[in-house]
Each structure stands twice: as C-alpha cells, then as structure tokens.
Amino acid sequence: MAVDTQSNGLTALRYDVPASLVVFLVAVPLSLGIAVASDAPLAAGLIAAVVGGVVAGLFGGSAVQVSGPAAGLALVVADLVHTYGWRATCMITLMAGVVQLVLGAFKAARAALAVSPAVIHGMLAGVGVVIALSQLHVVLGGSPQSSAVANLLELPAQIVGVHNHAAAVGLITIGVLLLWKWLPSRIRVVPAPLAALFLASSAAAVLGLDITRVELPDGLLQWAPPVLPAGDWHGIAAAVLLVALLAGVESLLCSVATDQQHDGPRTDLDRELRGQGLANVASGLLGGLPIAGVIVRSTTNVRAGARTRWSAVMHGVWVLVFVLCFGWTIQLIPMEALAALLAFIGLQMFNLGHVRKVHGHGEVPVYLVTLAGVVVLGLAEGVLFGLALAVLLALRRLTGVSVQVRQEPEGRRHVTISGSLTFLGVPRLTDALGAIPPGVPVDLDLNIDFMDNAAFEALHSWRLKHERSGGSVDIDELHDEWYALAAGGNHMFPAKTPPRAHERWWLPWAHRRRRGAAVPPQGGPAECELTVGAREFHRRTAPLVRPIFTELARRQQPTHLFITCADSRIVPTLITASGPGDLFVVRNIGNLVPRHGAHDDSVSAAIEYATQVLGVRTITVCGHSGCGAMAGLLSGGAKAGSMPGLRRWLRHGNHSLARFIHTDSDGSDTGPLDRLCRVNVIQQLENLRTHRKVDEQVRAGTLELVGLYFDIASARVHILPTPVLGEPTPDPQPAPTLPA
C-alpha cells in the first residue's frame with residue numbers, strides 16, 4: 001500500500017509540476033495588472049497570488065482550482081482604497097476572511113449557489129467593461145476619468161488625439177494578445193499575457209520609446225500592519241460583507257465550473273469557503289489583495305494537466321521565488337503594457353457564451369440590468385438591482401398560470417388551468433374564460449398547486465354566470481382540491497403542498513373512482529365505467545398521445561408479436577413498459593399456440609401476418625400464475641363443464657399436459673398448477689417452431705423466441721428457457737427474474 005501511494009504521488013507530481021509552472025507564468029502578469037486596476041500597491045497583487053496558491057491550495061476543498069487576486073473585485077478594492085486607505089483596506093480583507101471562515105463553519109456554502117448566475121456573469125461583465133474603459137485611456141496615453149460613463153464619453157476625443165509612444169506600446173501588447181492563439185502550438189507554450197508583456201517591454205527598450213515604467217518601492221515586500229478603518233461602522237461592516245460575499249460566491253461558482261472540466265474528486269464547497277477565508281485572513285495580514293478562485297488560472301491549470309492541489313501550491317511558491325530573486329525585472333514592464341493587458345482581460349470578461357447560457361433560461365434581462373447597473377451606478381448598486389430583478393422574475397414564474405381552451409366535438413370546451421392561480425393570473429383567467437360562448441358545456445381541469453381568494457372569486461363568479469346562461473361546468477381538480485374547499489365554505493386556504501402523483505391510467509376503475517363521484521344508474525356498470533373511461537381518455541390522455549397516434553395512423557411497425565392469455569389481470573403494455581405501436585398482441589384462453597396443421601387459423605393468421613408482413617423480430621409467449629385454462633387442462637376437462645367450445649380449445653394444450661407429466665419439480669414452482677403454467681409456455685414456444693416460416697427465421701437468426709411467466713401475486717416477470725428444435729426437450733430450469 002505504501003508503494004502504491006508513493007507511486008501515485010510521483011505520478012501526480014509528474015503532471016502537477018509542469019502545470020504549476022504554466023499557471024505561474026499566467027499569474028504574475030495578471031496579478032500585477034489587477035493590482036493596478038485596484039489602485040493598490042503592485043506588491044499586493046503578488047502577495048495575494050502567493051497566499052492564494054499556498055494557503056487556499058492547501059486548505060481549500062478543490063483539487064485543481066487556483067486562487068489569487070480576482071479582477072471581479074478590482075472595483076470594490078479601488079473604492080475601498082479611495083475611501084479608507086490601503087492599510088485599512090487590508091484590515092477589511094482580513095475581516096472578510098473571518099466572515100468566510102464563520103460561513104464555512106456553519107456550512108453555508110451551498111446557499112451561495114442560490115445567487116442567480118446571471119447576476120454573477122452580469123457583474124463580472126460590468127466590472128470588465130469598467131476596467132476596459134478606464135485602462136484604454138492609459139493605453140492611449142491619457143488618464144482615466146472618475147467614472148465609467150465619463151471614460152466612455154471622453155474616449156472618442158482620446159482616440160482622435162493619440163500620437164504618442166504609449167499608444168504604440170499598448171497596441172503592440174493588444175496585438176500580441178489577439179494574434180497569439182493563431183501561432184503554432186510549440187510557441188503557444190508560453191502564455192499569451194507573459195509573451196505580450198515581454199514583447200512590449202523589449203520593443204520599448206529597442207526602439208527607445210518614451211513610456212512610463214512600473215515603479216516599485218525600495219523594499220518590494222516591505223510589511224506594514226493593517227489598521228482599523230476610520231469612519232461609519234455601518235459602512236465598514238457593509239464593505240466587509242461585500243468583500244466576503246463577492247469573493248466567496250465567485251470562488252464557489254468557479255469551483256463548480258472547474259469541476260465540470262476534470263474527472264477528479266469533486267469540490268467540498270464548505271471546505272473551499274473555509275480555505276478562502278484563511279487565505280483572505282493571511283492576505284490581509286500580509287498586505288495583499290482580497291483573494292478568490294480565478295477561472296482563468298483554474299482553467300489553465302486543468303488544461304495543463306494538473307491532478308492534485310499541489311499544482312496550485314507550487315504555483316504560489318514559484319511566484320514567491322520570482323519576487324525574491326527576479327523582482328527587479330518587473331520595473332522593465334511599461335505601465336501602458338499592463339494597462340493594455342487589463343483592457344484586454346476586461347473585454348474578455350464580457351463573455352458571449354454566458355449571454356447565450358442565460359438566454360436559454362430567460363435571464364438576459366437580469367444579466368443586462370446587472371451589467372448596466374455596475375457600469376453606470378457602481379458594483380454594489382448593480383448587483384442589488386440584478387438580484388431584485390432576478391427575485392421578481394422568479395416570483396413571476398412561480399405564480400405564473402397557464403390557461404388553455406380547446407374546442408371539442410359537439411361544441412364542448414375543454415379548459416386546462418395549470419400553475420399557481422393567484423391574483424396575478426386573474427386577468428389572463430378572466431380573458432380566456434370570457435371568450436367561451438354562453439350555454440356550451442365546459443370540462444374544466446384544475447391542475448394547480450395553489451389558489452388564492454381573488455382567483456377563486458373570479459373562477460366561481462364565471463362558473464355561476466355561465467351556468468345561469470344555460471351552460472354546464474364540470475370541474476375536475478387534478479391536484480389538491482382548492483376549489484372544492486373554497487366552494488364548500490372553507491376560505492382558509494392552506495399553504496402549498498408537494499404535488500401528489502397524478503391518477504394512473506393503469507389502476508383498476510375501482511381504485512380510480514374520485515371521492516363522491518356518482519355512478520350513472522343507466523346502462524349497467526360495465527357501460528358506465530367504459531363511458532366514463534372513454535371520456536377520461538378524451539379529456540386527459542388523448543391530447544398528450546394524439547401526436548403519437550397521428551404518426552401511427554399511417555402505418556404500424558411493431559417489433560414484437562406478443563401471445564398471452566385473455567386473463568383480465570394480464571396487461572401486456574404494463575408488464576413490458578411498452579407503448580402504442582410496440583406490440584402486435586394475440587390473446588386467447590391459456591396463451592396457446594396450436595401446432596401447424598391443427599386446423600385453427602386464428603393464431604396461425606396472426607403469426608403469418610406478424611412474421612411475413614410486419615417483420616417482427618421477436619415472438620413472445622407470456623403465461624401467468626393461476627391460469628384457469630391450465631387448471632381446466634389439469635382436471636382433464638372436468639372444470640370445462642358444459643362448455644364444448646372451451647373443451648375443444650383446451651385440446652391444443654395436450655402437448656403441454658404430456659410435457660408436464662414427464663417433468664419433475666425443481667423447487668421453483670409452488671405446486672402442480674404453477675408448474676404446468678410454466679411448462680405450457682415452453683411447449684408453446686416449441687409449437688411455434690412447427691410453423692415453417694417461423695422455424696426458418698429462427699434458424700437464420702432474424703427471429704427470436706422468448707418465454708415469459710408473470711407471477712400475479714408478486715407482480716414479477718420471469719424469463720423461461722427456450723427449447724431448441726431437434727434436441728431433447730429440456731426440463732424447465734429455475735427461472736431468472738427480471739430486475740424489479
């Protein structure tokens with residue numbers, strides 16, 4: 001076991017080490033750019049990258065997610081820096097980490113996933129637009145304005161007046177980022193952000209361009225303790241919660257998205273939230289940016305072949321080594337190149353794939369409102385507007401009602417009302433019902449899970465008015481009896497209840513009688529039940545299966561000939577889970593197949609038509625327990641009494657009786673009658689082989705014979721052995737049972 005564990009560890013490291021180097025090369029330029037966008041010290045982005053890799057990687061719940069400074073939090077951090085100062089922002093980050101630890105301890109991670117993805121994607125897109133608009137001014141040699149709207153309004157003038165070296169560096173950076181994916185794969189081993197910064201820096205140095213380079217303090221990692229923010233504690237608490245929730249939700253959604261990209265262990269979301277909390281505590285304490293799971297680095301990690309969390313941890317170690325040993329190289333990077341990288345990343349955050357995804361769920365308005373709110377008003381305001389709209393749309397869906405009116409033969413109207421019938425649906429309900437002509441009979445199906453008083457009053461008033469006009473209204477409640485309770489004087493509407501199962505068509509009539517339903521006295525019980533059943537079919541089932549029968553009306557293409565007993569307890573479609581058009585069924589007393597030349601054309605005609613015209617691939621003979629025909633056969637015809645037709649028919653079972661006499665019990669049957677019922681099925685399969693066309697198709701492998709035995713008491717189907725022509729007839733073997 002120890003050897004296997006060591007081998008697995010070495011195998012994982014073989015993939016994790018190269019993957020960690022790739023992620024490290026992506027993380028360094030992105031961390032610097034996000035620090036610039038956050039108006040934070042450049043070292044803060046690198047510190048967050050180190051802590052996010054090592055701490056979140058070790059203590060988080062995801063195997064391959066990579067954490068670090070996230071672009072989605074850049075606007076929040078920039079606002080906090082302007083309001084409270086950098087060291088106070090570090091304390092807010094630390095306290096946000098404590099909040100995440102508490103939420104993780106109370107296993108609240110799943111609740112974060114209740115936030116509409118449309119809000120999250122809209123927020124990220126809005127942040128991306130704001131970052132891109134501000135950094136484009138830097139790329140073009142200008143300075144960003146105070147708001148995204150101002151940046152947008154000033155952008156045309158900035159573009160017209162661009163004539164400096166800064167724009168050249170920015171355009172080189174963006175050009176490399178755009179063209180990198182079209183280069184050969186051996187070149188694309190180097191991540192595009194790193195290549196863009198390197199080539200832009202090299203071009204600026206070679207061409208002697210007048211640009212602004214990154215400036216670092218004397219000590220890159222000089223530490224200053226965080227301080228408590230000064231100001232209104234309500235605003236500080238709101239800032240802590242905002243950072244904690246935004247970073248936490250972004251990390252958890254990133255974990256879910258990353259899990260879809262690999263086959264390894266799934267993320268423990270509560271552990272991931274606790275790991276993010278520890279990382280933010282450490283990052284705030286050390287002077288780093290807030291940390292969250294980052295989809296760009298995580299996707300890069302998966303695509304690079306990472307297998308375990310050690311890839312994320314090692315990427316943090318490589319960032320630390322780079323800062324300690326090669327930090328001086330950062331000062332060679334033009335600020336315009338970093339701005340161009342940020343603008344490119346910001347535009348990528350507006351993802352058309354996310355728009356298509358939310359469009360499929362009808363949440364584009366939520367996405368657009370959140371995006372516009374973040375750009376025009378601010379991040380917190382945009383998120384709140386998006387959440388409010390998402391809640392309103394959810395309430396609209398939950399309280400939505402569907403009213404369908406269909407004209408039936410003889411002028412009847414069939415009305416189906418589905419959903420939650422509340423005051424919001426009353427206008428639609430009254431419009432649909434008001435269009436029904438006076439005096440016509442109406443069948444009204446209420447398939448609702450809730451009805452409030454306003455909806456009841458509207459429905460009940462229409463019913464009374466329609467009946468006064470000479471019409472009739474037959475109301476059938478398919479779910480809870482909301483209307484019946486209210487009409488009976490009980491106006492205390494109960495709360496919603498879970499949907500109960502619809503009445504099943506396969507239940508016997510006695511089991512499906514509605515409470516209080518009167519049985520029409522005329523015509524006899526059978527006629528009454530059949531009439532009611534036919535009407536029930538027309539009202540409920542026919543609209544659902546009409547497209548299937550419309551297609552089947554042109555031709556039938558069954559794949560099975562199913563020969564079974566006429567016993568009322570055997571329902572072929574039920575015990576085989578088949579539907580219309582699947583089975584070509586022959587039913588007779590005792591599921592008998594007269595042998596060839598037995599002068600019975602009814603079964604022979606069905607066999608010929610099924611095999612030679614319909615081209616069925618399987619013939620199944622299905623017997624059952626307690627068969628009355630087999631009981632009559634076992635009694636030597638005595639139980640047939642004065643029924644000459646039945647006695648003549650049972651002669652076709654003599655071969656089954658002879659086979660039964662020579663068959664000993666193997667212990668699987670419950671007595672002689674049960675054994676004969678099973679033996680009879682095997683004998684009928686052998687009788688089928690006496691028909692020449694059947695035998696030829698069986699020998700050619702184009703037709704299969706199957707024996708089934710249905711035990712009525714246990715409602716179980718057993719498969720019986722198939723006899724082979726020309727070989728000794730096998731004794732019945734213990735029957736395998738189909739899975740329940």
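In this chain, residues are counted from 1 in sequence order.
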Inset, instruction - Any chance you could lay out the salt bridge (charged side-chain N to carboxylate O under 4.0 Å, His left out) test for Glu467 and Lys465, step after step, and finish with the verdict? - result: CA-CA 6 Å; Glu467 290 178 342; Lys465 178 181 177 182; over 6 Å; no
Inset, instruction - Please lay out, stage by stage, how Val571 and Thr573 fare under the test side-chain contact (heavy atoms from CB on, under 4.5 Å). - result: CA-CA 6 Å; Val571 185; Thr573 54; 3.8 Å; yes
Inset, instruction - Apply side-chain contact (heavy atoms from CB on, under 4.5 Å) to the pair Val694 and Ile607, showing each step before the final yes or no. - result: CA-CA 8 Å; Val694 172; Ile607 293 172; 3.6 Å; yes
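No more than 12 heavy-atom neighbours from other residues, nucleotides or ligands sit within 6.0 angstrom of CZ on Arg110. Other residues, nucleotides and ligands place no more than 12 heavy atoms under 6.0 Å from the CZ atom of Arg617. Atom CD of Glu551 has 12 or fewer heavy atoms from other residues, nucleotides or ligands within 6.0 Å.
Ring geometry for His691 against His596 counts as perpendicular: the plane angle is over 60°, on a 0 to 90° scale with 30° as the lower cut. Using the six-membered ring where Trp is involved, Trp462 and His466 have ring planes that are parallel, under 30° apart on the 30 and 60° scheme.
Remark: side-chain polar atoms of Ser625 are paired, donor with acceptor, to backbone N or O of Ile712 under 3.5 angstrom. Remark: the backbone N or O of Ile475 is not paired with any side-chain donor or acceptor of Asp443 at under 3.5 angstrom. Judged by distance alone, with hydrogens and angles left aside, the side-chain atoms of Arg587 form no donor-acceptor pair with the main-chain N or O of Val585 at under 3.5 Å. Arg428 places a side-chain N or O within 3.5 Å of a backbone atom of Val401 that can act as its donor or acceptor partner.
Two residues are said to be in side-chain contact when any heavy atoms from C-beta on lie closer than 4.5 Å; Phe385 and Leu377 meet this criterion. With a 4.5 Å cut-off on side-chain heavy atoms, Val440 and Val442 count as touching. Taking the side chain as every heavy atom from C-beta outward, Val616 and His560 never approach each other to under 4.5 Å. Looking only at side-chain heavy atoms (C-beta outward), Asn588 and Trp649 come within less than 4.5 Å of each other. In this structure, the side chains of Val698 and Glu704 stay at 4.5 Å or more apart for every pair of heavy atoms.
With sequence neighbours excluded, no residue satisfies salt bridge (Lys or Arg N to Asp or Glu O under 4.0 Å) with Asp582.
Between Phe562 atom CZ and Ile570 atom CD1 the span is 8.5 Å, to the nearest 0.5 Å.
With respect to Asp711 and Arg716, no salt bridge is recorded, no charged nitrogen being found less than 4.0 Å from a carboxylate O.
Remark: the Asn591 side chain and the Thr564 side chain contain no N/O donor-acceptor pair separated by less than 3.5 Å.
Here the shortest heavy-atom pairing between Pro558 and Leu614 reads CG-CD1, 3.7 Å.
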